[in-house]
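Fair warning: this is a prediction, and the values are worked out from it, not measured in the lab.
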Amino acid sequence: MEKRALWTSCYFVRFVTLFLCARASVNLPQCKETDYYFEYTECDSTGSRWRVAIPHRQGSCTGLPEPVRGTDCTFSCEAGEFLEMSSQQCTSCAAGSYSLGSGVRFDQWDSIPAGFSSLATYMDSGGSGDDSMTCNNSSWTAQGTHLESNRDDCTVSLVYAVHLMKQGSVSFDYQYVDSNVFFEFFIQNDQCQEMDQTGSEKWIKLTTSGEWGTHTVNLKTGTNILYWRTTGMLLGGKPVKPVLLKNIQIDGVAYTSECFPCRPGTFSKTPGSSACDLCPRNTYSGKGASSCTHCSETQYSPEGWSQCKERPPCSEKDYFQIHTACDGEGKTQILYRWVEPQVCVENVTGAVTLPPSAEKEDCPPCNPGFYMHNSSTCLPCPQGTYSDGTAECQRCPGGTEPSLGYEYKWWNILPRNMKTSCFNVGNSKCDEMNGWEVAGDHIRSGVGGSDNDYLILNLRVPGFKLPTSVDDASATEFGRITFIFETNCSADCELYFMIDVNRKSTNVVESWVGSKLRQAYTHIMTKNASVSYTWAFQRTNKAIDVRHYVNDIAKIYSITVTNAMDGSASGCHACAMMSQQDGSSCVPCPAGHFINKDTNQCQECPSNTFLSGHHIYGLEACQPCGPGSKSNKEHSVCFNDCTFSHMDQNRTLTYDLSALNSVGSIMNGPSFTSKGTKYYHLFNISLCGAEGKKVAVCTDNVTDLSSKDVQNESADLNNLVETFVCQSTIIPADGRGFRTALSSQSISLADTFLGASVDNSLDGVTASTDLFSEPSRKVPDINFFYRSPQPTASCLNGRSTVVTLRCSPEKSTRGELTVPSKCPAGTCNGCEFHFLWESSSACPLCTEADYHSIEGACKGGVQDTLYVWNEPKLCTKGVPLLNKTSAHCEVVGQWVKAGIGGGAFMAALLVCLTCYFWKKNKRLEYKYSRLVMSANKDCELPAADSCALAEGEGEENDDDVVYSNTPSLLGKLKAIASKADGDNSESVQLKSSQSERWVWG
């Protein structure tokens, strides 16, 4: 009964609900096809889905189609088709639209498309509230034909999420020219977990200036969140070049229910198109066009434009000059040409006309190594001959061979191994224009299609060939390129010099911003390889429709390449001969040998000298090594063998630095950019040993620094710098949210070891004594001097490095490396670097002069002698401290015995002297007594001539003299009493052997 009642209740509720709904829909119109659209439901576990109708406005009509089973979840149409949902059949796209079938493409960038977002990952203002110091205003920006990243040092990500029902891929075109920007592309799933990617997939390769690269990565089924992330490093105050993106295409979406209309400036004239074509020049189109419309005669448009512009009056910026090639009469002249395509109008008020051609003039001479053929063509000299360009080719004299290379200093035509081109940042083309134009005594940048075009000049060298007498295995220089240039600019122009070795990747070697006076630049090739040298000039990196800086130019006056494999000879150089006989051929010299000028034969360089990289002719080619250094057996380099000696106050100090032979490292910082990016400078120092091999390595990589497989990474992702001292910039993993630490901007600070000395300067390199505290000990500092001669835009004379070794006994044998506190980056001017290496190994070896002995007391007939170091101890290793020694001894020492003997002798001598003087005194007393007794009764003393005793008088009675005893105390009292009673006379008793007498007085 209860179940039946419950069923009856539910039935009643359902009936009431249907009745109310029916009454509510009585007045609604029947749904038409325009009132709703179809969508698929989410796929179930079996891979099935349903097609359902969804009204555009809820409750606006009634009678929606019932759901029906849809196509398989992996179903997709071919390119040029879309899925028509009402019939669930693939249908061709109409003219003026396109479709990728199972993909989507983004190629219109008037604004950032729906679904994309720009996210700055660092937005901490630090409480200052100053937005200029934060990243709030940093983002990717739309530039019409492409997207452009931020130009500051913020980290900004472009994010797009897509759900794939089957495996697919994403591809995009990019331009990435600045190594001061880290550009990465990575993918996360719907759990915000980064998917596994190889280094080559995540980190984007640099592109040559003006060229676009393409990057493709496979995608997995499910949700894929795509990130394009850039981080700039403004370490030198120089703005970074932005990364450019265009043509983002994603394949693998479930279906495309409609075709995409062609963007303005493009068209598709046939149905079923998978892409739209650009409108030709002087035509335009709107959105979804199937054809392009021509501009009127007074208007123009570049390729791919959506509108036409009025043609301006011609001005001086609309033409340029060229030098014609030599004619049959050996003449050339300057001609003027309109910039193509010509958009200006000549026959209006204010317009300028094309200047007339200049007078014909004699052609410049041929370049060295060439000769004039038929008064109009310069041809290279045949093999084995040479020419300075003004005379016929001649054979080299005996004992010499041609100096192969390129020497271009006259520019009547472009040399056969050079080419010029033009690249535009956007879609507009400038390929038909020359990037550079010859101009007689120089070659200059061309006009290009717009001010932000890259004007390219390229020189290809297939390889290098050393002179016959130079040993390939020990060569440190295979060739060098030197060019003289200048720039004259009114804006932010920039000239790049780039190198591509073995057709792998083009790297920027140096760049110059703004106007530069005429100057020379040299780059040395240290390995034999095929190389392409490229010069790229850009007037401004800002996209501008109107030409403002057409008069900003770059000029190259001369280009010289030595030892070029397919070069011609402008002269001859001496070579080693097998014998001095005429007709003897050139022979190679062994490593470390020079050519004797007198005999033209090979001779080994003297000890501790090295061969210069330019030539081996004459003894002067063997350069002496600096102090504290020696040459390797090939005489190719000077190095320190981890020993050093120095004379100090007539004492030789010897050092053993073998504990410092492995590479030392120091990471200073942290430092911060203006936007708060934390970074460090990592320095690696190879001080000594290794037979002069440069074992300090710095890497431009994008791998974790703790990884031991750095060398196993893709060679394209690693740019190694091998030298004595190198520097890298490190961004830690927590610096901007990176999973791994980044290493970039690796440079060499020390390519050549100059020597080691206790002096503060050597060969123009100075150790600044005020950067570090004065040494508190008497042991002098040892300065290791290095130089990197490669000039840069900021260091015209190259870089130099001084590593100062300081004796610190309290430090370990490896010691500690520090940089100046005043200059935490290791340098105060960017060109001179200073390091202090404090170590116990920097103390001299111990000698006998560094310790002293202490003798103990004599105990039990044994005396110990101890040896202790002088304090403070300023030596290491060397002579060991002697062990304690013991020797036999006596309790009373010899010196004590000698003292006692000397004392006894002095006592005896004193007794003898006392006796002698006592006896002498008694004699004088006796003589005086005789003198008194011989006086007269009146007690008058005798006259001077009668009182005195003659010499020897009385001596005969000396033995009879009886000396009176000293009066006793009683006798003296009696004498005093007698004197008081008498006539105040005094009696003195005298004794003799014959009688006693009283003398009164």
Side-chain angles (χ1 to χ4, degrees), residues 209 236 238 316 320-323 332 334 358 361 363-369 388-390 405-415 418 420 434-448 451 453-459 461 479-499 508-525 533-541 549-562 564 570 614 764 788-799 829-831:
S209 296
K238 181 180 176 180
E316 289 81 359
F320 62 98
Q321 68 177 26
I322 62 171
H323 283 66
T332 183
I334 297 177
E361 56 186 22
C363 289
C366 295
N367 281 311
D388 62 357
T390 61
Y406 312 135
E407 188 175 351
Y408 302 140
K409 62 180 182 180
W410 299 110
W411 304 93
N412 183 248
I413 60 172
L414 197 66
M418 298 185 71
T420 177
N434 287 334
W436 292 70
E437 297 285 350
V438 295
D441 63 344
H442 67 274
I443 185 171
R444 60 193 297 169
S445 55
V447 293
D451 283 347
D453 288 346
Y454 285 98
L455 307 175
I456 308 298
L457 179 66
N458 179 267
L459 169 63
V461 181
R480 61 174 55 195
I481 180 172
T482 302
F483 59 93
I484 300 175
F485 72 98
E486 72 173 344
T487 57
N488 186 3
C489 303
S490 58
D492 57 338
C493 72
E494 187 162 5
L495 176 65
Y496 300 87
F497 175 60
M498 300 173 287
I499 294 181
V508 177
V509 177
E510 191 57 72
S511 63
W512 298 267
V513 179
S515 297
K516 297 295 179 183
L517 297 176
R518 183 168 176 167
Q519 58 187 271
Y521 181 83
T522 299
H523 180 78
I524 298 174
M525 288 296 299
Y533 299 107
T534 301
W535 295 263
F537 180 70
Q538 187 182 36
R539 292 184 172 90
T540 180
N541 58 14
Y549 310 115
V550 69
N551 292 324
D552 291 3
I553 61 173
K555 296 180 180 180
I556 296 179
Y557 293 93
S558 66
I559 300 175
T560 303
V561 180
T562 63
S570 60
H614 297 290
S788 179
Q790 186 67 47
T792 65
S794 56
C795 303
L796 299 180
N797 296 321
R799 299 182 178 95
N829 57 11
C831 302

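Between Y496 and W512, the ring center distance fails the sub-6.0 Å criterion. Taking the six-membered ring wherever Trp is involved, the centroid distance between the rings of F483 and W535 falls below 6.0 Å.
Contact of the F485 side chain with the L495 side chain is registered, since non-hydrogen atoms from C-beta on lie closer than 4.5 Å. A 4.5 Å side-chain heavy-atom check between Y533 and M498 finds every atom pair outside the cut-off. At a threshold of 4.5 Å between non-hydrogen side-chain atoms, the residues V438 and W410 do not count as touching. Residues I322 and I334 form no side-chain contact, since every pair of their non-hydrogen atoms from C-beta on lies 4.5 Å or further apart.
Among all heavy-atom pairs drawn from W436 and L455, the shortest one is NE1-O, 3.1 Å. Heavy atoms only, all atoms of each residue included: A564 and V461 are closest at CB-CG1, 4.3 Å. Closest non-hydrogen pair, R444 versus A439, comes out as CD-CB, 4.0 Å. Taking both residues in full, the closest heavy atoms of N412 and P364 are given as CB-CG, 4.0 Å, listed atom of the first, atom of the second, then distance. When every heavy atom of M418 is checked against every heavy atom of L414, the shortest pair comes out as O-CD2, 3.5 Å. Across all non-hydrogen atoms, the minimal contact from P365 to G389 is CB-O, 4.1 Å.
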> Which is it for K409 and N367 under the side chain to side chain contact (heavy atoms under 4.5 Å, CB included) test, yes or no, and what are the steps along the way?
Replying inline: CA-CA 6 Å; K409 62 180 182 180; N367 281 311; 3.9 Å; yes
> Where do T560 and Y406 land on the side chain to side chain contact (heavy atoms under 4.5 Å, CB included) test, with the steps shown first?
Replying inline: CA-CA 5 Å; T560 303; Y406 312 135; over 6 Å; no
>> Could you walk me through whether L457 and I443 satisfy the side chain to side chain contact (heavy atoms under 4.5 Å, CB included) test, starting with their C-alpha distance in whole Å, then the side-chain angles of each, then the deciding distance to 0.1 Å, before giving a yes or no?
In response: CA-CA 10 Å; L457 179 66; I443 185 171; 4.0 Å; yes
>> Pair Y549, S490 - check side chain to side chain contact (heavy atoms under 4.5 Å, CB included), show working.
In response: CA-CA 7 Å; Y549 310 115; S490 58; 3.6 Å; yes
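Annotation: cation-pi pair R518/Y557 present, NZ/CZ under 6.0 Å from the ring centroid and within 45° of its normal.
Put simply, OG1 on T420 and CG on L459 are 12.5 Å apart, with the number rounded to the nearest 0.5 Å. To the nearest 0.5 Å, atom OH of residue Y408 and atom CD1 of residue I559 are 8.5 Å apart. Atoms CD and CD, on Q790 and E510 in that order, are 8.5 Å from each other to the nearest 0.5 Å. The structure places CG of D453 at 11.5 Å from CZ of F537, a figure rounded to the nearest 0.5 Å. Atom NZ of K555 is separated from atom CG of N488 by 7.5 Å, given to the nearest 0.5 angstrom. Between the NE2 atom in H323 and the CD atom in E361 there is a gap of 6.0 Å [rounded to 0.5 Å].
Within the 3.5 Å criterion, the main-chain N or O of L517 finds a donor-acceptor partner in the side chain of Q519. Distance alone, capped at 3.5 Å, is enough to place a donor-acceptor pair between the S515 side chain and the C489 backbone. Using a distance-only test at 3.5 Å, with no hydrogens or angles considered, no donor-acceptor pair links the side chain of R539 to the main chain of D492. Formation of a donor-acceptor pair under 3.5 Å by the T487 side chain with backbone atoms of K516 is found in this model. Not a single donor-acceptor pair under 3.5 Å links the side chain of T482 to the backbone N or O of T522.
D441 CG: more than 12 foreign heavy atoms inside a 6.0 Å radius.
In the model, D388 has no side-chain atom that pairs as donor or acceptor with a side-chain atom of S570 under 3.5 Å.
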